[in-house]
Amino acid sequence: MGEAVEIARLRLFLKLVAQLEDVSQIEPLPDLDFNIKTGNLLVGIADMEDARRRFESSLLAHEGLLAAEQAANQAAADYEIFAQAQISQTGAEKVAGKQRLVAQIKAATYQADAALHKMRTETQPFDDWKKSHSPFHWFAEFPSVWQQGGFDVVVGNPPYINKGNVTEYRWMGYQTEKCPNIYALCVERASNLLNPQGRMAMIVMHNLCFSTRYLTARHYLENRFPALWISSYARGPDSLFAGSAKVRNTILLSAGNSSIGLHTTRLMRWNKQGFTRLFDSLEYTKPSISLFYSCNSYQWPFIDSALSDVFDRLVREAEPIRSSIISRSEFQLVFRKVGYFMLGVYETPPPVLDQSGNPIAPNLGCFYFSQPTHRDIALMVLAGRWAYLWWLIYGDEFNVTPTVLAAVPCDIERLATSPPSDMELVSLVNRILELAELLKTEMPNHLIWQLNAGQRVGIYNMRPLRYITDEADWLLAQAWGLTREEYEAAGNLRDRMTFGNRG
């Protein structure tokens with residue numbers, strides 16, 4: 001967007017002028033034509049190494065790139081002269097120096113355009129291709145930067161556009177090409193513009209962290225950067241972007257000159273009043289390797305130190321719910337496929353009515369168990385804090401998938417078959433099963449209704465029933481060998497995440 005570049009230059013000039021307190025302080029304004037530019041991030045060549053890595057170049061194209069590199073090297077030297085001239089030379093000398101530099105950059109970019117056109121074996125005529133693709137060659141457009149090996153810092157908020165919606169140009173040679181949204185390709189391109197000591201910051205969609213369709217992007221970034229910091233943000237009650245852009249985001253920070261590994265935060269939720277404290281409250285932790293592989297695929301968990309140790313121990317020592325799930329039986333546990341402040345899990349689902357008030361089949365997920373004790377233990381795990389926090393760690397903050405729920409570590413088999421000699425564990429399990437019966441009895445007494453697409457959807461309000469699930473959470477914690485402090489920490493985090501949703 002050429003107009004965006006012009007507006008950026010103008011705003012910088014106005015900001016500079018606004019700092020002056022007296023007219024006598026006015027100095028010649030700097031020339032920003034070589035600092036702020038427009039082009040297509042995804043089409044172009046960073047430098048010769050980038051071209052060799054991404055394209056199989058013919059001899060003719062290779063020679064064209066060499067000519068472009070030579071022109072860029074000369075432009076780099078002349079740019080330093082031009083930068084000094086802005087301070088010391090007269091207007092006529094500045095103009096002459098700028099014209100010479102513009103001509104050199106144009107020569108370098110033309111050579112690079114022609115070489116890239118050959119490398120991509122384009123069938124579209126050269127001028128038409130250049131107009132539709134707007135290739136941007138970083139070594140030619142910022143030659144003095146590339147003399148230093150690239151940028152020190154790259155900061156960006158790439159567009160969130162599904163690849164299928166981009167039809168006016170095509171890209172080539174990216175490791176993240178299979179990712180469905182072009183933000184992944186933009187992040188990969190940006191990462192290749194840094195010098196060896198450089199750092200990058202990108203605001204992206206938070207599906208980068210968990211979606212199987214972005215697995216290649218996660219592996220790429222970990223291989224590219226030995227240090228990563230991942231903070232993730234909810235869509236409500238407030239979001240990072242105002243207006244209609246209600247997107248769940250992740251801020252990706254990276255460095256190439258450190259080897260401290262990948263660090264994450266919990267999924268951050270806040271209201272408008274809390275936004276000023278949001279970034280000060282970030283707490284990064286380095287999850288154990290077991291937490292990356294706890295669901296269906298390799299994920300970056302949304303987790304902080306308050307829960308990292310707890311769930312690391314559980315995933316290593318306790319069998320997940322899926323180990324007790326069978327294909328079909330009379331002992332079912334159903335769950336709502338969406339969630340926010342709680343997970344809807346029931347033995348008997350709440351009713352759903354159509355526009356005429358007639359009952360209709362709800363759209364729910366379902367697990368089956370071989371015996372009622374297995375189902376009831378699973379109910380108490382999924383209805384309380386442990387599964388809710390697990391879902392916030394591995395889910396997308398809206399969809400409740402069987403993959404995430406079935407991966408919750410809980411050791412159903414061990415608890416259900418505890419030996420009589422272990423009287424303490426038997427007592428814990430018996431009380432958990434009593435609470436399951438109480439919860440199933442009380443749920444229908446707390447039915448509330450939501451209107452959704454003309455349907456009246458029944459939901460069991462769990463807030464008044466927290467006294468049941470909280471007791472079960474503590475009994476489960478004891479059965480798993482967790483401490484009172486770990487139980488309280490998990491409960492406090494659950495309550496902060498749900499903004500006062502306490503028993």
Side-chain angles (χ1 to χ4, degrees), residues 2 5-6 8-9 12 28-120 122 126-127 129-131 133-154 172-173 189-198 256:
V5 167
E6 295 301 327
R9 291 172 181 158
L12 285 172
L29 292 172
D31 191 316
L32 297 178
D33 287 355
F34 299 110
N35 302 86
I36 304 175
K37 301 192 175 189
T38 181
N40 191 329
L41 175 70
L42 297 181
V43 181
I45 299 168
D47 51 27
M48 292 291 289
E49 180 183 350
D50 174 60
R52 295 189 189 99
R53 181 175 62 248
R54 296 172 56 222
F55 303 101
E56 294 183 5
S57 58
S58 65
L59 179 60
L60 187 62
H62 186 73
E63 290 175 350
L65 275 183
L66 286 176
E69 188 177 50
Q70 291 170 0
N73 289 339
Q74 183 58 52
D78 285 347
Y79 178 80
E80 298 302 323
I81 297 173
F82 171 76
Q84 291 298 318
Q86 295 218 47
I87 300 173
S88 60
Q89 291 185 355
T90 64
E93 292 172 320
K94 290 179 184 179
V95 171
K98 180 175 181 178
Q99 290 175 341
R100 183 171 61 252
L101 184 55
V102 167
Q104 289 167 343
I105 290 178
K106 281 186 175 180
T109 55
Y110 180 84
Q111 295 279 8
D113 285 343
L116 182 60
H117 188 263
K118 291 183 177 67
M119 289 179 195
R120 291 167 55 111
E122 293 287 348
F126 175 73
D127 290 338
W129 168 80
K130 185 175 178 180
K131 183 178 180 180
H133 283 66
S134 300
F136 194 88
H137 310 293
W138 296 86
F139 75 101
E141 297 286 357
F142 293 99
S144 60
V145 172
W146 248 256
Q147 291 274 317
Q148 307 301 319
F151 291 99
D152 296 317
V153 177
V154 173
M172 297 176 64
R189 172 82 294 189
S191 71
N192 291 323
L193 305 178
L194 296 167
N195 64 39
Q197 305 301 312

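Quantities reported herein were computed from a predicted structural model and do not represent experimental measurements.
- The side-chain contact (heavy atoms from CB on, under 4.5 Å) search around M48 returns R52, H62, L65, L66, E69, not counting sequence neighbours.
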Pair K98, D33 - check side chain to side chain contact (heavy atoms under 4.5 Å, CB included), show working.
CA-CA 10 Å; K98 180 175 181 178; D33 287 355; 2.5 Å; yes
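- Closest heavy-atom contact between Q111 and A68: CB-CB, 3.5 Å.
- Checked against the 6.0 Å centroid threshold, F142 and F34 do not count as a close aromatic pair.
- Scanning for side-chain hydrogen bond (donor to acceptor under 3.5 Å, both in side chains) contacts around R100 gives an empty result, with sequence neighbours left out.
- For E6, the side-chain hydrogen bond (donor to acceptor under 3.5 Å, both in side chains) test picks out R9, with sequence neighbours left out.
- Heavy-atom minimum distance, Y79 versus S144: CD2-OG, 3.4 Å.
- The stretch residues 136-153 participates, sequence neighbours left out, in these salt bridge (charged side-chain N to carboxylate O under 4.0 Å, His left out) pairs: K37-E141.
- Heavy atoms only, all atoms of each residue included: Q104 and A75 are closest at OE1-CA, 3.5 Å.
- Partners of D113 by salt bridge (Lys or Arg N to Asp or Glu O under 4.0 Å), not counting sequence neighbours, listed by chain and number: K130.
- Salt-bridge formation is not detected for the pair K131/D127: no Lys NZ or Arg NE/NH1/NH2 atom is positioned less than 4.0 Å from an Asp or Glu carboxylate oxygen.
- Among residues two or more places apart in sequence or in another chain, the side-chain contact (heavy atoms from CB on, under 4.5 Å) test is passed with V154 by F151, A190, L193, L194, M200, M202.
- Under the rule for a side-chain contact (heavy atoms from CB on, under 4.5 Å), the partners of E49 that lie at least two apart in sequence or sit in another chain are D47, R53.
- Not counting sequence neighbours, the partners of A140 by the side-chain contact (heavy atoms from CB on, under 4.5 Å) test are A108, T109, H137.
- In this structure F136 satisfies the ring pair (Phe, Tyr, Trp, His ring centres under 6.0 Å) test together with W138, sequence neighbours excluded.
- N73 meets the side-chain hydrogen bond (donor to acceptor under 3.5 Å, both in side chains) test with Q147; sequence neighbours excluded.
- Under the side-chain hydrogen bond (donor to acceptor under 3.5 Å, both in side chains) criterion, N192 pairs with Y220, not counting sequence neighbours.
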Cut-off 3.5 Å, no hydrogens considered: what does the side-chain donor-acceptor table look like for residues 38-45, sequence neighbours left out?
from	atom 1	to	atom 2	distance (Å)
N40	OD1	L42	N	2.9
N40	ND2	H133	O	3.3

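- Between the side chains of N195 and Q148, no donor N or O sits under 3.5 Å from an acceptor N or O.
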